[in-house]
Engineer: 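This structure is in structure tokens; I'll ask about it shortly.
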Amino acid sequence: MRYFLEFDTSLLPEESAQIVICGSGIGGLTCAIVLKELGLSPVLLTRGIGNTYYSQGGIAAAVHPADSPYAHFLDTLRAGRYLNDEKNTEILVSDGVLRIADLERWGVKFDREGDSYATTTEGGHSFPRVLKVKDYTGREIYTKLLRRVRELEIPIVEGELQEIVGGDEVSGLIYRKGKSLCFVRTGAIVLATGGAASMFRHTSNPSTVRGDGIGIAFRAGTTLRNPEFVQFHPTVLRGTNLLISEAVRGEGAHLIDGSGRRFVDELQPRDVVARAIFNVLKHGGEVFLDLRPLIEKGMDISRRFPTIASFLRERGFDPADPIPVVPAAHYYIGGVEVDSFGRTALRGLYAVGECTCTGVHGANRLASNSLLEGVVFGYRTAYRLYIDHKFLKPSRAGFRNRRDGKGGPPCSFEELRSLMWEKVGLERNGEELTKAKHLIRKWIERGRRMEPTFENRQLYDLLLIAYATVEGAISRKESRGVHYRSDFPQERDVFRRDTLLSRDYLDL
């Protein structure tokens with residue numbers, strides 16, 4: 001273990017838990033519920049609402065008799081540019097249909113047309129298989145799963161993960177509660193802390209989701225897989241972090257430039273659409289999302305997309321007028337390497353959701369597969385833990401870390417975000433990536449001498465993930481999915497493989 005904070009567990013308030021789940025998105029909540037239903041006693045540690053709550057579009061699953069998991073599988077591979085882990089992708093699409101039943105069992109009410117589901121189409125799908133709850137699917141799932149957690153009397157602790165402690169295996173964690181540290185002794189931790197897309201200047205992520213949980217796991221000894229792949233959502237309301245769901249384009253909205261010209265097929269995969277928009281913007285143009293085709297065919301925008309219509313009007317936009325949009329970092333495809341049961345390289349540490357890389361998204365996530373991944377692999381991780389927890393016994397030893405750091409931060413969070421946007425964004429090249437790598441490396445070296453505060457710990461862990469993202473982007477000398485290199489604009493068969501990075505490989 002490599003720690004950042006200064007601590008002595010013998011001097012901290014100590015608690016114990018059978019299993020601690022860090023995060024309360026769909027993956028963490030699913031895992032907690034299934035563990036409890038299996039008779040175990042998980043504890044949920046959360047710092048608040050995350051990305052699941054804000055997900056608008058829906059959850060993809062081949063529920064219709066005319067559809068099939070195999071068709072969903074092929075669409076997922078096509079969008080992922082065939083870098084997908086095929087075994088895990090098959091699990092995703094086949095188990096996903098079954099997990100829809102669990103979501104409904106826990107109270108989620110998907111939109112209906114008579115007795116059947118009211119599904120829609122999103123970019124990259126060959127069939128309208130996206131289940132939804134108007135335009136607030138994530139909120140519906142989050143609130144119903146959280147209600148089930150409370151019905152099962154699963155303890156919820158408000159706090160923020162700071163350190164994973166132990167030796168060659170997990171023995172506990174340290175979390176922040178207010179201005180104090182607390183120690184939880186446990187042999188099993190499930191990381192469900194979300195992705196790292198907020199390390200870019202333009203992002204759809206809430207400010208509370210910063211990706212530092214991935215950095216904590218990386219310091220603890222896990223491997224990162226494919227960190228160079230970051231998905232940019234094509235349509236975020238200009239000047240905000242508010243995304244306008246892909247379902248709007250699925251229903252027939254157009255993307256137009258300042259002259260009113262359509263310049264891209266709106267239902268192509270997100271990487272294609274996002275780069276097309278970026279290309280207009282970098283030449284000084286503007287891009288607008290035009291909802292008028294929906295209105296012309298009789299759709300009530302406020303009824304079909306109430307959340308979107310509401311926040312547009314709150315910011316002075318009429319949904320009947322073209323809406324200015326920009327691409328923004330949205331989903332961190334890479335993350336902590338896990339197997340099909342959520343196990344990481346560190347014994348006793350599991351991970352689910354966006355902080356992981358199961359390989360199901362390949363080089364570009366197919367729309368509405370992220371909620372599906374959370375529920376499918378959260379469920380599988382719970383069942384694996386039911387077996388494993390009998391063998392996971394935390395050490396009874398004390399743990400401590402001393403630091404002499406007294407320096408200030410080498411950069412601000414905003415400086416890091418600007419650097420990542422300008423040099424590691426939608427279009428990349430070796431020269432700019434190398435400049436970013438050298439600067440981030442300097443920041444990390446200086447960061448080791450920082451005062452061991454909570455804020456500095458978070459920045460340090462983000463710097464580690466940024467460095468891994470840049471290193472992965474430099475080593476992948478091709479363009480594939482969301483990773484576009486202007487100096488290597490084509491896919492190359494030799495790079496149809498995963499990037500795997502450890503702290504020792506990066507000499508961190």
Engineer: Going by the rule salt bridge (charged side-chain N to carboxylate O under 4.0 Å, His left out), which residues pair with Arg2 if we only count those two or more places apart in sequence or in a different chain?
Structural biologist: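 Partners of Arg2 under the salt bridge (charged side-chain N to carboxylate O under 4.0 Å, His left out) test: Asp504.
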Engineer: Supply the atom-to-atom distance Trp443 CH2 to Leu462 CG, rounded to the nearest 0.5 angstrom.
Structural biologist: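 Output value for this atom pair is 12.0 Å.
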Engineer: Please round to the nearest 0.5 Å and tell me the distance separating atom CD1 of Ile323 and atom OG1 of Thr235.
Structural biologist: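 Those atoms lie 11.5 Å apart.
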Engineer: Can a donor-acceptor pair be found between the side chains of Thr307 and Asp135 at a distance below 3.5 Å?
Structural biologist: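 Side-chain D/A pair, Thr307 to Asp135: present.
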Engineer: For the backbone of Glu169 and the side chain of Arg347, can you confirm whether one donor and one acceptor N or O come within less than 3.5 Å of each other?
Structural biologist: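 No: the side chain of Arg347 does not pair with the backbone of Glu169.
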Engineer: My understanding is that only residues two or more places apart in sequence, or in another chain, count here; which of them pass ring pair (Phe, Tyr, Trp, His ring centres under 6.0 Å) with Phe218?
Structural biologist: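 Ring pair (Phe, Tyr, Trp, His ring centres under 6.0 Å) check on Phe218 returns nothing, list empty.
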Engineer: Would you say Leu173 and Phe183 make side-chain contact, with heavy atoms under 4.5 Å?
Structural biologist: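 A side-chain contact is absent here, since even the closest heavy-atom pair is not under 4.5 Å.
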Engineer: Do Leu416 and Leu463 come close enough that some side-chain heavy atom pair is under 4.5 Å?
Structural biologist: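 Leu416 reaches Leu463 side chain to side chain.
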Engineer: Contact between Leu103 and Leu145 at the side-chain level, heavy atoms closer than 4.5 Å - yes or no?
Structural biologist: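 A side-chain contact under 4.5 Å exists here.
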Engineer: Kindly determine whether Asn364 and Gln231 satisfy side chain to side chain donor-acceptor pair (under 3.5 Å), including the steps that lead there.
Structural biologist: CA-CA 7 Å; Asn364 182 30; Gln231 186 177 72; 2.8 Å; yes
Engineer: By ring pair (Phe, Tyr, Trp, His ring centres under 6.0 Å), which residues pair with Phe454, not counting sequence neighbours?
Structural biologist: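 With neighbours one apart ignored, the set is empty.
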Engineer: Do the numbers put Arg219 on top of the ring of Tyr3, so that NZ or CZ is under 6.0 Å from the six-membered ring centre and no more than 45° off the axis?
Structural biologist: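 Not satisfied by the 6.0 Å and 45° rule.
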Engineer: Output all residues satisfying side chain to side chain contact (heavy atoms under 4.5 Å, CB included) with Ala188, sequence neighbours left out; order by chain, then residue number.
Structural biologist: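 Side chain to side chain contact (heavy atoms under 4.5 Å, CB included) check on Ala188 returns Ile19, Leu385, Leu392.
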Engineer: Who pairs with Asn456 by side-chain hydrogen bond (donor to acceptor under 3.5 Å, both in side chains), at least two apart in sequence or on another chain?
Structural biologist: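 Counting only residues at least two positions away or on another chain, Asn456 forms a side-chain hydrogen bond (donor to acceptor under 3.5 Å, both in side chains) with Thr453.
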Engineer: Do Thr469 and Tyr332 pair up side chain to side chain, a donor and an acceptor below 3.5 Å, judged on atom types alone?
Structural biologist: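 The criterion, which ignores hydrogens and geometry beyond distance, is satisfied for Tyr332 and Thr469.
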Engineer: Which residues pass the salt bridge (charged side-chain N to carboxylate O under 4.0 Å, His left out) test with Lys36, not counting sequence neighbours?
Structural biologist: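 Expected list: none.
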Engineer: Taking only Lys NZ, Arg NE, NH1 and NH2, and the carboxylate oxygens of Asp or Glu, determine whether Glu104 and Lys109 approach each other closer than 4.0 Å.
Structural biologist: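 Salt bridge flag = no for Lys109 with Glu104.
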Engineer: Can you sort out the partners of Arg139 under salt bridge (charged side-chain N to carboxylate O under 4.0 Å, His left out), two or more places apart, ordered by chain and number?
Structural biologist: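 Partners of Arg139 by the salt bridge (charged side-chain N to carboxylate O under 4.0 Å, His left out) criterion come out as none, since no residue qualifies.
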Engineer: Mind checking what makes side chain to side chain contact (heavy atoms under 4.5 Å, CB included) contact with Arg47, not counting sequence neighbours?
Structural biologist: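 For Arg47, the residues satisfying side chain to side chain contact (heavy atoms under 4.5 Å, CB included) (neighbours in sequence not counted) are Glu160, Asp212, Gln458.
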Engineer: Does Arg402 have more than 12 heavy atoms from other residues, nucleotides or ligands lying within 6.0 Å of its CZ?
Structural biologist: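 Result for CZ/Arg402: enclosed.
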Engineer: Please say whether more than 12 non-hydrogen atoms of neighbouring residues, nucleotides or ligands are located less than 6.0 Å from NZ in Lys406.
Structural biologist: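 Incorrect, the count does not exceed 12.
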Engineer: Which salt bridge (charged side-chain N to carboxylate O under 4.0 Å, His left out) pairs, counting each pair once, include a residue from residues 363-389, with sequence neighbours left out?
Structural biologist: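 Passing the test, one end in residues 363-389: Asp95-Arg380, Arg384-Asp388.
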Engineer: Should Asn205 and Arg210 be marked as a side-chain contact (heavy atoms from CB on, under 4.5 Å) after you check the CA-CA gap, both sets of side-chain angles, and the distance that decides it?
Structural biologist: CA-CA 8 Å; Asn205 286 199; Arg210 287 194 169 182; over 6 Å; no
Engineer: I want to check something: taking the side chain as every heavy atom from C-beta on, are Leu83 and Asn226 in contact at a cut-off of under 4.5 Å?
Structural biologist: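 Yes, their side chains come closer than 4.5 Å.
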Engineer: Of Arg303, Lys132, Arg304, which is the lone residue that meets salt bridge (Lys or Arg N to Asp or Glu O under 4.0 Å) with Asp111?
Structural biologist: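 Looking at Arg303, Lys132, Arg304, the match for Asp111 under the salt bridge (Lys or Arg N to Asp or Glu O under 4.0 Å) is Lys132.
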Engineer: Report the C-alpha distance between Thr223 and Val336 in whole Å, list the side-chain angles of each, state the deciding distance to 0.1 Å, and finish with yes or no for side-chain contact (heavy atoms from CB on, under 4.5 Å).
Structural biologist: CA-CA 6 Å; Thr223 303; Val336 176; over 6 Å; no
Engineer: Mark yes or no for whether Lys144, through its side chain, and Val108, through its backbone, hold a donor-acceptor pair below 3.5 Å.
Structural biologist: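 No; judged by distance alone, with no hydrogens or angles, the pair does not exist.
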Engineer: Could you pull out all residues at least two apart from Val34 that satisfy side chain to side chain contact (heavy atoms under 4.5 Å, CB included)?
Structural biologist: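 Only Thr30, Leu38, Trp106, Tyr379, Ala382, Tyr383 meet the side chain to side chain contact (heavy atoms under 4.5 Å, CB included) criterion with Val34.
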Engineer: Using the salt bridge (charged side-chain N to carboxylate O under 4.0 Å, His left out) rule, take Arg201 and Glu415 through it: C-alpha gap first, then chi angles, then the decisive distance, then the call.
Structural biologist: CA-CA 9 Å; Arg201 182 196 299 150; Glu415 285 176 305; over 6 Å; no
Engineer: Side chains of Glu228 and Thr499: donor-acceptor distance under 3.5 Å anywhere?
Structural biologist: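 Side chains of Glu228 and Thr499: pair found under 3.5 Å.
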Engineer: Answer yes or no: is there an ion pair linking Arg457 with Glu451, defined by an N-O contact shorter than 4.0 Å?
Structural biologist: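 Glu451 and Arg457: not salt-bridged.
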Engineer: Got a sec, which residues hit side chain to side chain contact (heavy atoms under 4.5 Å, CB included) with Thr76, two or more places apart in sequence or on another chain?
Structural biologist: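 With neighbours one apart ignored, the set is His72, Asn84, Thr89, Val93, Leu366, Asn369.
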Engineer: Would you mind reporting whether His125 and Val130 have side-chain heavy atoms less than 4.5 Å apart?
Structural biologist: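 Yes, their side chains come closer than 4.5 Å.
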Engineer: Is any side-chain heavy atom of Ile444 closer than 4.5 Å to a side-chain heavy atom of Tyr460?
Structural biologist: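 When only atoms from C-beta onward are counted, Tyr460 and Ile444 do touch, with a gap below 4.5 Å.
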Engineer: How close do Ile21 and Cys31 get, counting heavy atoms only, and between which atoms?
Structural biologist: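 Nearest heavy atoms, Ile21 then Cys31: CD1-C, 4.0 Å.
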Engineer: Regarding Ser171 and Arg396, is there a side-chain donor-to-acceptor distance under 3.5 Å anywhere?
Structural biologist: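 No, because no side-chain N or O of Ser171 sits under 3.5 Å from a partner of the opposite role on Arg396.
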Engineer: May I ask you to say whether Glu122 pairs ionically with Arg249, meaning some side-chain N is under 4.0 Å from a carboxylate O?
Structural biologist: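 Salt bridge between Glu122 and Arg249, a charged N being under 4.0 Å from a carboxylate O: no.
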Engineer: Decide side-chain contact (heavy atoms from CB on, under 4.5 Å) for Arg225 and Asp85; before the verdict, give the C-alpha distance in whole Å, the side-chain angles of both, and the deciding distance to 0.1 Å.
Structural biologist: CA-CA 12 Å; Arg225 180 180 184 182; Asp85 182 309; 3.5 Å; yes
Engineer: Ignoring hydrogens and geometry beyond distance, is a side-chain donor-acceptor pair present between Ser204 and His330 at under 3.5 Å?
Structural biologist: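 Yes, a side-chain donor-acceptor pair sits under 3.5 Å.
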Engineer: Tell me if the CZ atom of Phe341 is crowded by more than 12 foreign heavy atoms within 6.0 Å.
Structural biologist: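 Yes, the 6.0 Å shell around CZ holds more than 12 heavy atoms from other groups.
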Engineer: Would you call Ser55 and Thr137 a side-chain contact if the rule is heavy atoms closer than 4.5 Å?
Structural biologist: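 A side-chain contact is absent here, since even the closest heavy-atom pair is not under 4.5 Å.
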Engineer: Give a yes or no on whether Arg400 atom CZ has more than 12 heavy-atom contacts from other residues, nucleotides or ligands under 6.0 Å away.
Structural biologist: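 No, because the 6.0 Å sphere around CZ of Arg400 holds 12 heavy atoms or fewer from other groups.
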Engineer: Hey, does the Lys NZ or Arg CZ of Arg112 hover above the aromatic six-ring of Tyr117, less than 6.0 Å from the centre and inside 45° of the axis?
Structural biologist: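 Judged by the rule (NZ or CZ under 6.0 Å from the ring centre, within 45° of its axis), Arg112 counts as positioned above Tyr117.
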Engineer: Mind checking what makes salt bridge (charged side-chain N to carboxylate O under 4.0 Å, His left out) contact with Arg448, not counting sequence neighbours?
Structural biologist: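 Partners of Arg448 by the salt bridge (charged side-chain N to carboxylate O under 4.0 Å, His left out) criterion, ordered by chain and then number, come out as Glu445.
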Engineer: Does Arg185 come within less than 4.0 Å of Glu14, counting only side-chain N to carboxylate O?
Structural biologist: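 Looking at Glu14 together with Arg185, the answer is yes, because their closest N to O distance falls below 4.0 Å.
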Engineer: Do we get Arg403 above Phe4's six-membered ring, with its NZ or CZ under 6.0 Å from the centre and within 45° of the axis?
Structural biologist: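 Pair Arg403/Phe4 counts as cation-pi.
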Engineer: Within a strict 4.5 Å, meaning less than it, do heavy atoms of the Leu29 and Ile26 side chains meet?
Structural biologist: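 Side-chain contact under 4.5 Å: no.
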Engineer: Let's go through Tyr331 and His361 carefully: what are the C-alpha distance in whole Å and the side-chain angles of both, what is the deciding distance for ring pair (Phe, Tyr, Trp, His ring centres under 6.0 Å) to 0.1 Å, and is it a yes or a no?
Structural biologist: CA-CA 11 Å; Tyr331 189 88; His361 305 307; 5.4 Å; yes
Engineer: Distance check, rounded to the nearest 0.5 Å: Glu471 atom CD versus Leu506 atom CG?
Structural biologist: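 Answer for the CD-CG pair, Glu471 versus Leu506, is 5.5 Å.
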Engineer: Would you sort out whether Phe317 and Leu237 count as a side-chain contact (heavy atoms from CB on, under 4.5 Å), showing the intermediate values?
Structural biologist: CA-CA 10 Å; Phe317 295 99; Leu237 179 63; 3.9 Å; yes
